[in-house]
Undergrad: 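One structure, as structure tokens, below. Some questions next.
For ligands, and for the atoms within them, numbers begin at 1 and follow the listed sequence.
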Amino acid sequence: MAALTQVPIAPASMERFRAVLGADYSQVEAAIGEAERLLAGRVIWHVNSTARGGGVAEMLRSLLAYARGAGVDLRWVTIDGDEDFFRVTKRIHNHLHGAPGDGGELGRREREIYERGLLESAAELTALVQKGDVVYLHDPQTAGLAPHIKSRDVSVVWRCHVGLDRPNELARNAWAFLEDYVSSADAYVFSRRTFAWEGLEKEKLWLVAPSIDAFSPKNQDLDAEAVRAIVARAGLAHLDGQAPMFTREDGTRTRVDRAAEVDQEGLIPDDSPLVVQVSRWDRLKDPTGVLRCFAEHCRHPEAHLLLAGPAVAEIADDPEGAEVLAEVRDQWQRLPSEVRARVHLACLPMEDIEENAAIVNAIQRRADVILQKSLAEGFGLTVAEAMWKARPVVAGRIGGIQDQIVDGVSGLLVDDPADLAAVAEAIDTLLDDPDRAEAIGIAGRERVRKSFLSTRHLVEYVQLIAGMLQAQDGVADR
Ligand code: UDP
């Protein structure tokens, strides 16, 4: 079996952003012109470890579709790996977030597993890329490919989506582990300045914040009937006879068919306030903390809580998902019965990624408050997704969440997301005051419109490639 899998990219037109961006769309047009000039004859490769589940895949799906629609010749490939390989890369990921993960080390043995795990992917990729191509390697899983493909005279961009504001010993060790590979890249991209590792060459450093796609099934407008019908079809609310419809990436209208796998004692009543957290089953998202926060501190006895995440068997590069979900289920079982009756756990079907996205969309729109109680977060796409839907968000003052939410204006930031009472207080404040919650939601949408849509991201990627190629020409001239 091949180690690399090519993910299909259907072209999409960026024209649809004209109405959303108004006069600012001219920057997008300028970037499209610049990309045509710069990228003629080159293929742009994006390499990561999964085509579904998690923020990186989510973003690539949209960005690459728009870039292809603008005429850029692109490929998206994912690497394969065995259990040992993904256990090591998950450990690196946790350490980069400052967390011990499974408690294991990143030593010589892990380096061997990591390098061996990439050998086949490296050989296949090296045979495919051509001189002049630009290769984006995403996150720790693919960093080790850099030295291999540099032999082909390509430009390598290492795009790191994770980080923490104040690095600890674990993070520094993970940097040391990756540094040998990453240092051969021509550019490093981090989501925010505090994430950039100490000691990297400043000239190669770029900062680019992530983004969401306003038109994808995840974020497209859904009217109230569609929201009700999709949440009901997922198995979380009463069926009302409406068809649960959404629009696919290719423009066709379709229906949500699959239900989520749900742990709950009853459906969510239509008139109950709903607090929602959507995320992978990952300890850094603190799902058990969310349960305790809701059960022990929230003072709205009529409110319900929904924790939603992907069906775990489906995410190949996330070996801890099933374990974390089991912990959450166990804790749910042990909740006092009165609270358990108001808490819903949902594993969303992953067979059809667009259907999954439509369910997330409807759940986020059904929410009165969206929580992202992560203990560490590179960016937190779920925050931007909620803000775009004009939902008020409560989240920790950590990582890229701080770039998205202006506290008290476009969401509420809690200084320490591990402080359950403080998180509950922020949720209660919003449930107490629906007018304020609405104003915060509207401000959140405007903030995403201005700063966190795919178009801004693509314009910055064109600037990055232009800058990187110029720097390389400069070096070649010398
Ligand atoms: N997500 C999803 N289905 C799920 C759970 C999560 O599509 O069942 C999406 C979520 O909407 C978001 C992404 O996965 O787009 C998670 O990205 P984020 O940056 O929040 O966190 P990450 O998973 O990258 O740590």
Undergrad: Run Glu15 and Arg18 through salt bridge (charged side-chain N to carboxylate O under 4.0 Å, His left out) and show every step you take.
TA: CA-CA 6 Å; Glu15 270 299 314; Arg18 199 182 277 281; 2.9 Å; yes
Undergrad: Heavy atom of Ala308 under 4.0 Å from ligand 1?
TA: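 No.
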Undergrad: When you measure from the centre of the six-membered ring of Phe177, is the NZ or CZ of Arg111 under 6.0 Å away and within 45° of the axis?
TA: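 Pair Arg111/Phe177 counts as cation-pi.
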Undergrad: Check this for me - ligand 1, Leu381, N or O atoms closer than 3.5 angstrom, yes or no?
TA: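 Min N/O separation from ligand 1 is below 3.5 Å for Leu381.
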Undergrad: Counting heavy atoms only, name the option from Met350, Arg52, Glu385 that's nearest to atom 15 (O) of ligand 1.
TA: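 Minimum heavy-atom distance to atom 15 (O) of ligand 1 goes to Glu385.
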Undergrad: Of all the non-hydrogen atoms in the protein, which one sits nearest to atom 3 (N) of ligand 1, and at what distance?
TA: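 Result for atom 3 (N) of ligand 1: Asn356 OD1, 3.0 Å.
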Undergrad: Are any non-hydrogen side-chain atoms of Val20 and Phe215 less than 4.5 angstrom apart?
TA: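 When only atoms from C-beta onward are counted, Phe215 and Val20 do touch, with a gap below 4.5 Å.
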Undergrad: How far apart are the C-alpha atoms of Phe85 and Tyr114, what are their side-chain angles, what is the distance that settles it, and do they pass the ring pair (Phe, Tyr, Trp, His ring centres under 6.0 Å) test?
TA: CA-CA 6 Å; Phe85 175 76; Tyr114 179 75; 5.7 Å; yes
Undergrad: Identify the protein heavy atom lying closest to atom 21 (O) of ligand 1, giving its residue, its atom name and the separation to 0.1 Å.
TA: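 Ranked first by proximity to atom 21 (O) of ligand 1 is Lys285 NZ, 3.0 Å.
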Undergrad: Run through Asp282, Asp102, Asp84 and flag the one making a salt bridge (Lys or Arg N to Asp or Glu O under 4.0 Å) with Lys90.
TA: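 By the salt bridge (Lys or Arg N to Asp or Glu O under 4.0 Å) criterion, Lys90 pairs with just one of Asp282, Asp102, Asp84: Asp282.
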Undergrad: Is ligand 1 under 4.0 Å from a heavy atom in the side chain of Val360, in the backbone, in both, or in neither?
TA: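 Side chain only.
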Undergrad: Looking at Gly380, which atoms of ligand 1 are within less than 4.0 Å of one of its heavy atoms?
TA: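 The atoms of ligand 1 under 4.0 Å from a heavy atom of Gly380 are 19 (O), 20 (O).
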Undergrad: Write out all pairs satisfying ring-ring contact (aromatic ring centres under 6.0 Å, His included) with one or both partners inside residues 354-390, taking only residues at least two apart or from two chains.
TA: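 Non-adjacent pairs meeting ring-ring contact (aromatic ring centres under 6.0 Å, His included): Phe379-Phe452.
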Undergrad: Between the candidates Gln364, Lys218, Glu58, Glu377, which shows the shortest non-hydrogen contact distance to atom 7 (O) of ligand 1?
TA: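 Result: the heavy atom closest to atom 7 (O) of ligand 1 is in Lys218.
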Undergrad: Establish, from distance only, whether the side-chain atoms of Asn48 and Tyr136 form a donor-acceptor pair under 3.5 Å.
TA: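 No pair is found: no donor N or O on one side chain lies under 3.5 Å from an acceptor on the other.
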Undergrad: Can you list the ligand 1 atoms lying under 4.0 Å from a non-hydrogen atom of Gly55?
TA: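 Atoms satisfying the 4.0 Å criterion: 13 (C), 16 (C), 17 (O), 22 (P), 23 (O), 24 (O).
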Undergrad: Below 4.0 Å from ligand 1: does a non-hydrogen atom of Gly309 turn up there or not?
TA: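 Contact check Gly309 vs ligand 1: positive.
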Undergrad: Heavy-atom contacts with Val278 under 4.0 Å: which atoms of ligand 1 show up? List them by number with element.
TA: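 Listed by number with element, the hits are 5 (C), 6 (C).
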Undergrad: Tell me which pairs pass ring-ring contact (aromatic ring centres under 6.0 Å, His included) where either residue lies in residues 398-428, with sequence neighbours left out.
TA: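 Those involving residues 398-428 do not exist here.
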Undergrad: Show the atoms of ligand 1 that are less than 4.0 angstrom away from any heavy atom in Arg280.
TA: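 Those of ligand 1 that fall under 4.0 Å from Arg280 are 22 (P), 23 (O), 25 (O).
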